[in-house]
Chemist: 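Handing you this structure, nothing more for now.
Side-chain atoms are counted along with the backbone in the values below, which use heavy atoms only and exclude waters and symmetry mates. Residue numbers run from 1 in the order of the sequence given. Whatever order the structure lists them in is the order used to number ligands and atoms, beginning at 1.
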Amino acid sequence: MTASPSPARSATPARVVKVPLGERSYDIRIGRGVLAEAGSAMAALKPAACAIVSDETVARLHASALAASLEGAGLRTSLVTVPAGEPSKSYARFAEVCDSILAARIERGDLVVAFGGGVVGDLAGFAAAVVRRGVRFVQVPTTLLAQVDSSVGGKTGINSPHGKNLVGAFHQPSLVLADTALLDTLPVREFRAGYAEVVKYGLINDAGFFDWCEANGTRVFAPGDERDQAVAVSCAAKAAIVSRDERETGERALLNLGHTFAHALERACRYDGSRLVHGEAVAIGLALAFRFSQRLGLCPGQDAVRVARHLQAVGLPSRLQDVPGGAGTADSLIDAMGQDKKVERGALTFILARGIGKSFVAKGIEAGAVHDFLTEELKPS
Ligand code: NAD
Ligand code: GLY
């Protein structure tokens, strides 16, 4: 067992962000060392038992610390692991996880604890949504991406051969514990990928936060107040949108800024994380969304340049040429978008921008306009 980082040496008071959703409301507790309070926080929800679902990497690094906290609070605890990486969001792993939760005798009043990145959160959350027609669950996100995005808002699910996240459920967690000390062991590539989702919040509706990212982005990569602040601001931004539009009938779609392009790129790479991880695809998608907006005459060119420049400054990709092994053709990318769930009656829905912090939902974008744009973007520079 590799040692967990030592949050106790520099634990910070938790910042608490509330997700107000009526009877489904919950807190997000953010800070260095909040994992130590997992036992008391989960015991307060009064389960008899907890099934921790994790991936093999996270379990090796950190599961003993989580299990010790839960068992210290008198909770019967079991551990289910899946291989690390996107391929675990599959029907086969989903079935295994459901059966393991049942084998651990988890009842509806108990807790499934999703302990990992977005893959584990989506997979375990979906299992919790359907096992016994719904078991409560807690998110303990361990990647930056999961802490700022996927652990909040209740979207859970797995991938289908037809596309990403096409099978799933809305199932809100009862609590989110985001221990920023866990990010100390995250590979820098994964950290960067999560940072793309941080930047996204500034681009959606908070130009001041994008300015902050430009000034402080590199400091977010090291332990310290800027990191915790970036997580807290991101969670607050997401919580605000989710509380107004839990089921994505409108405004919540803004959170998909960059994602129509990103999902097509991930599909083009066959979900092979050695080529492209989700957050890297999002980074390219953000830059493309702004350049596409510029091409349509919606967004000032200097804003599109600023977006790409900031992503590049932290080492993120921002062009189709940055996809290792190539991004495919305009036709193959459009075809992949056609499978995306943001398609209504053949017309594509994009999140576009009138500038930094001025994103909006654009329905009925013609495939031809997207094709011309992608053809231009695919030309060697
Ligand atoms: P991930 O879960 O695959 O984690 C990335 C890698 O980091 C894995 O290899 C994992 O083992 C490793 N890792 C995790 N925590 C670690 C730690 N503390 N130390 C060392 N290694 C660690 O990927 P991700 O980027 O967290 O999540 C991507 C997934 O999230 C995608 O499937 C995406 O669709 C989904 N997502 C969901 C939502 C939502 O709202 N539900 C939002 C955004 C993304
Ligand atoms: N990540 C998109 C959403 O949660 O709606």
Chemist: Provide the number and element of each atom of ligand 2 under 4.0 Å from a heavy atom of Lys155.
Modeler: 2 (C), 3 (C), 4 (O), 5 (O)

Chemist: Starting from atom 38 (C) of ligand 1, which protein heavy atom do you reach first, and at what distance in Å?
Modeler: Ser150 CB, 3.2 Å

Chemist: Provide, to 0.1 Å, the distance between atom 40 (O) of ligand 1 and the closest protein heavy atom, together with that atom's residue and name.
Modeler: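 Checking every protein heavy atom, the shortest distance to atom 40 (O) of ligand 1 gives Lys238 NZ, 3.4 Å.
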
Chemist: Which ligand 2 atoms, with their elements, are less than 4.0 angstrom from a heavy-atom of Asp149?
Modeler: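 Those atoms are 1 (N).
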
Chemist: Side chain, backbone, both or neither: which part of Val242 has a heavy atom under 4.0 Å from ligand 2?
Modeler: neither

Chemist: Counting only heavy atoms, tell me which of Thr142, Leu61, Asn256 gets closest to atom 15 (N) of ligand 1.
Modeler: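 Closest candidate by heavy-atom distance is Thr142.
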
Chemist: Can you find a non-hydrogen atom of Glu197 under 4.0 Å from ligand 2?
Modeler: no

Chemist: Ignoring angles and geometry beyond distance, decide whether His259 reaches within less than 3.5 Å of ligand 2 through its nitrogen or oxygen atoms.
Modeler: no

Chemist: I'd like to know whether ligand 1 has Glu56 as a neighbour, heavy-atom separation below 4.0 Å.
Modeler: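 Heavy atoms of Glu56 never come under 4.0 Å of ligand 1.
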
Chemist: For ligand 1, which part of Pro187 has a heavy atom less than 4.0 Å away: the side chain, the backbone, both, or neither?
Modeler: side chain

Chemist: Compute the shortest N/O to N/O distance between Asn256 and ligand 2 and return yes if it is under 3.5 Å, no if not.
Modeler: no

Chemist: Of the protein's non-hydrogen atoms, which lies at the shortest distance from atom 11 (O) of ligand 1, and what is that distance?
Modeler: Asp55 OD2, 2.8 Å

Chemist: Between Val277 and ligand 1, which residue portion shows a heavy-atom distance shorter than 4.0 Å: side chain, backbone, both, or neither?
Modeler: neither

Chemist: Would you call Arg227 and Asp184 a salt bridge, using N to O less than 4.0 angstrom?
Modeler: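 Salt bridge present between Arg227 and Asp184.
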
Chemist: Run the salt-bridge test on Arg306 and Asp211 with the 4.0 Å N-O cut-off and return the result as yes or no.
Modeler: yes

Chemist: Under 6.0 Å between ring centres: does that hold for Phe209 and Tyr201?
Modeler: no

Chemist: I'd like to know if Glu280 pairs up with Arg189 as an ion pair, taking the criterion as any Lys NZ or Arg NE/NH1/NH2 lying under 4.0 Å from an Asp or Glu carboxylate oxygen.
Modeler: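 Yes, charged N to carboxylate O under 4.0 Å.
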
Chemist: Looking only at protein heavy atoms, which one is nearest to atom 19 (N) of ligand 1, and how far off is it?
Modeler: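 Atom 19 (N) of ligand 1 sits closest to the protein heavy atom Thr185 OG1, 2.7 Å.
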
